[in-house]
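Heads up: the structure comes next, in structure tokens.
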Amino acid sequence: MASTLSPADLAFASIFPPTTYTTPTPEATPQLGTLPSGETFGGPAQNHETYTEADVENISFSIVWSRATRWLSLSGAGPDLSRQGREMSGEVSDACLWLMGQPDGPQKLCDWYINEMQRHFEEHVQGRLIRDWKDEITCTSAEAALRLALDILQISLQYYIGPLRQVLSMAVDADEESDGDSVELPFIKAFHALALHSFPRQRLAATVQYILLSGLKRAMQPDRVDNLSGAQGVSLRSIAQPLVSVYEILGQMQETGLGDDFGTRAFVHAMKGFIDAFIASLPLKVDWPGRLTVVPKLREWVTKCFVPILERGLDELCSTVETSLSPEQISHWQTSALDGLGRARLTCLFEYVKLWDHSKGAIMDIKEYLREGHGRRQYLAETFCQQMDRRILHAGATTAEILSFYLNVIHVFRFIDPKGVLLDRVARPVRLYLREREDTVKIVAASFLADVDEAGNPLKSDADICGEIATAFAGPYDDGAEQANQRLDWDDMEWTPDPIDAGPEYSRSRSEDVVSYVLGLFNQEDFIKELKNILGEHLLTVKTTYYDKEIRLIELLKNRFGQNELQACEVMLKDMLDSKRINSTIRVTPPGAPTGGRPPQMHASILSSHFWPELREDAFILHPDISLLQAGYAAQFERIKKMRRLKWLPALGQVTVHIALEDREVEASVHTWQASVIAAFEGPEAEWDVSRLRERLRMDEELVRNGIAFWVGQRVLAETAAGSGVFAVVERLPSSAGAASAQDAAAAAASAQA
């Protein structure tokens, strides 16, 4: 009757199969049957039952099996793994030879021996093997711990497999067609599985990867790495010796059961780390002097150095088949190496953008990185936006610095992606942040009007000026490209739609002119309003008879915003040009002016008040000579311009003052109120304080204090006594005019401003 098992029994048996072999079968007296009822032991043998041929075979098999398994048994073997006195006798040899001749004899014997090996391994070997692996393995002891474990496994395997091979060799000798390897292979697999599962898997994997990577890195030491830029190229000769230990460990791992899939994964992870180590090494540093990409060097290294090492390592892990990577696999590793290089470069992308174009080599590496693989463009945009948000888009950075960086972003990403899609993505947060800053429009407008040298560099450094914008504006401007972006050309037969991943402001990123990007930051109305204020202040202070830069700016803005929007700016510029022509016609000399030397002259800026921004209208008493010049100028102007009168704005004027003192002469270009303040000291009263000067000049107190502070700084005025608030002219400087005098002047200037 067949027995049945419950589902629970079947599930348990699928995981823990029943053990069919335990200890060797003892050599017992064969079972010859039973005595019939009523007969005494030792009676006549003629009544014994007859034995069949099967009974005889079973008895013979039991005897032979007992002899063979007793010789193979590991019950008496201790932890020292010694087999002294275990030579095979003739009876054992005959028994083994007979078993090997049976159809299933070798397989049954191997199955029994696997169970015997597992029992002995768990009792005597496993504890010694994992003793050092119960706790974390330190870096300094990692290699020693692994080599000790491999040595124990090697000795154990040789101890276990030696007798089995001796028995299995009899089957090969008896039958040339018998394959001992097919019987031995399950035993080796069983030992390998037992060895691998004895260790903490993750700890073993991390340790092996660290040891392999350390050995690979030793091959990357500067004294062993060939110069990749030389004619000799890449060679394994200089790094072969440090790799011997790596190959030796891989071979031991494969032999002892730590190879196959586990060892291959560990080795491949180590090789990926090897790529990262080479990327960080000297040959693949950014090419700052030559500004060239290092990607060709990386591809050459992968082909001539990395691939041979990988193939040799995989050969050690799979000794039966020679490993040779296909062109597709080599291409995959080259792509993986380029991915590592690109990601390494992206970690420093902010610095590369800031240092453009000295960092062109690194940017070329990133450009090559973007050519292959999917998702890299998105990763680049996200990474760079995070870097900008952390490094520059905050209150600690000045607006001029952000604008300068923004221009570098434009240059770099137009180089990386000429279509402008990436530029649209990464520039969007910068544009939004700059629009939130109150002084952005002011700095941009002032930068457009800044003076530059012949090389296009700003003549002076100012926190309210972005030098890069001033330099860009001084260069050529392509208004045709800008106009093309503002309208659709129906006659363009090469028109293509925007890329599928283009953003909403993509059209603004298609211009070839940097100035257009800057102008695209602002709302038109706000920019023109601020430009009007900046231009008005600039025209009243600039000392030039030509306005080429100002005319160019207005024409540029007219192309973008339209002519009507710039009408006020055009009128302001026209006023300055007309004033220049009128000043060449009107010549005014005050009565009593000396005929020799440099008589006072006057040049007026005649403004159309309706078009100019709100101007200062502070009134105060001017120097008499200035008042006479104003009266004479107005009279001649009224004769030239019928029915038109002038309204003077004295606070906007500038005066060149020449002061003759006892020991020196001082000449300075100052505001009119500063000239009025120093002129008050010409009279009989040589000492003045702020309140009396304010009444005397009918001037706002703020202007009085500003005028006194200026002349104190020029060391023309000084307090009569410290803290008195009364000032007088310094006709002679002290003979010991040094640091103390400068400190006194600074203190007096601060007192005047208070």
### Query
For E122, which residues count as a salt bridge (Lys or Arg N to Asp or Glu O under 4.0 Å) partner, sequence neighbours excluded?
none
### salt bridge (Lys or Arg N to Asp or Glu O under 4.0 Å) against D287, all qualifying residues, sequence neighbours excluded
none
### Task
Report the relative orientation of the aromatic rings in W65 and W112; use parallel for angles under 30°, tilted for 30 to 60°, perpendicular for over 60°.
perpendicular
### Query
Is the H120 ring parallel, tilted or perpendicular to the Y160 ring (thresholds 30°, 60°)?
perpendicular
Look up atom [atom1] in [X] and atom [atom2] in [Y], then write down how far apart they are to the nearest 0.5 Å.
X	Y	atom1	atom2	value
I416	L349	CD1	CG	6.5 Å
S245	L250	OG	CG	9.5 Å
L298	D365	CG	CG	9.0 Å
I188	I161	CD1	CD1	4.0 Å
Q154	T256	CD	OG1	6.5 Å
M253	L317	CE	CG	6.5 Å

Between [X] and [Y], is there a donor-acceptor pair closer than 3.5 Å when you use the side chain of the first and the backbone of the second?
X	Y	result
S359	A362	no
Q254	E316	no
S331	P327	no
K217	A277	no
S336	H332	no
S66	S62	no
Q209	H269	no

Do [X] and [Y] have side chains that approach each other closer than 4.5 Å (heavy atoms only, starting at C-beta)?
X	Y	answer
R391	E351	yes
H192	L196	no
C110	E184	no
F274	L212	no
D111	F187	no
L146	Q252	no
V294	L341	yes
W333	L325	yes

Any residue meeting side-chain contact (heavy atoms from CB on, under 4.5 Å) with [X], in chain and number order, not counting sequence neighbours:
X	value
D94	none
K360	R291, W356, M364, F415
T347	none

Of all heavy-atom pairs between [X] and [Y], which one has the smallest distance, and what is that distance?
X	Y	answer
F267	I309	CZ-O, 3.9 Å
Y369	L338	CD1-O, 3.7 Å
R377	V421	NH2-CB, 3.8 Å
V167	M100	O-CG, 3.6 Å
T303	P308	O-CD, 3.6 Å
V426	M388	O-CE, 3.1 Å

Sequence neighbours left out, what passes ring-ring contact (aromatic ring centres under 6.0 Å, His included) with [X]? Give chain and number order.
X	value
Y352	none
F191	F121
W98	none

Would you be so kind as to tabulate the donor-acceptor pairs closer than 3.5 Å made by side chains of residues 379-386, with sequence neighbours excluded?
unit_1: Y379; atom_1: OH; unit_2: R343; atom_2: NH1; d: 3.3
unit_1: E382; atom_1: OE2; unit_2: Q378; atom_2: NE2; d: 2.8
unit_1: T383; atom_1: OG1; unit_2: Y379; atom_2: O; d: 2.8

### Query
Between Y113 and T69, does a side-chain contact (heavy atoms from CB on, under 4.5 Å) hold up when you go through it step by step?
CA-CA 8 Å; Y113 193 62; T69 54; over 6 Å; no
### Cationic N near anionic O, under 4.0 Å, K367 to D417
no
### Pairs flagged by salt bridge (charged side-chain N to carboxylate O under 4.0 Å, His left out) wherever residues 95-107 is involved - sequence neighbours left out
D104-K108
### Task
Sequence neighbours left out, what pairs pass salt bridge (charged side-chain N to carboxylate O under 4.0 Å, His left out) with at least one residue falling in residues 243-270?
R147-E248
Compile the donor-acceptor pairs under 3.5 Å between side chains in residues 130-139 and protein atoms, sequence neighbours left out, one pair per line.
unit_1: T138; atom_1: OG1; unit_2: T140; atom_2: OG1; d: 3.4
unit_1: T138; atom_1: OG1; unit_2: S141; atom_2: N; d: 3.4
unit_1: T138; atom_1: OG1; unit_2: S141; atom_2: OG; d: 2.6

### Task
Kindly determine whether F306 and Q334 satisfy side-chain contact (heavy atoms from CB on, under 4.5 Å), including the steps that lead there.
CA-CA 10 Å; F306 176 85; Q334 288 182 339; over 6 Å; no
#### Entry: Chi angles and distances behind the side-chain contact (heavy atoms from CB on, under 4.5 Å) call for I275, M271
CA-CA 6 Å; I275 291 176; M271 291 300 288; 6.0 Å; no
#### Entry: Derivation and outcome, side-chain contact (heavy atoms from CB on, under 4.5 Å), residues L422 and L370
CA-CA 11 Å; L422 272 178; L370 294 177; 3.8 Å; yes
### Task
Show your working on side chain to side chain donor-acceptor pair (under 3.5 Å) between E368 and T293 and close with a plain yes or no.
CA-CA 8 Å; E368 291 292 330; T293 179; 5.7 Å; no
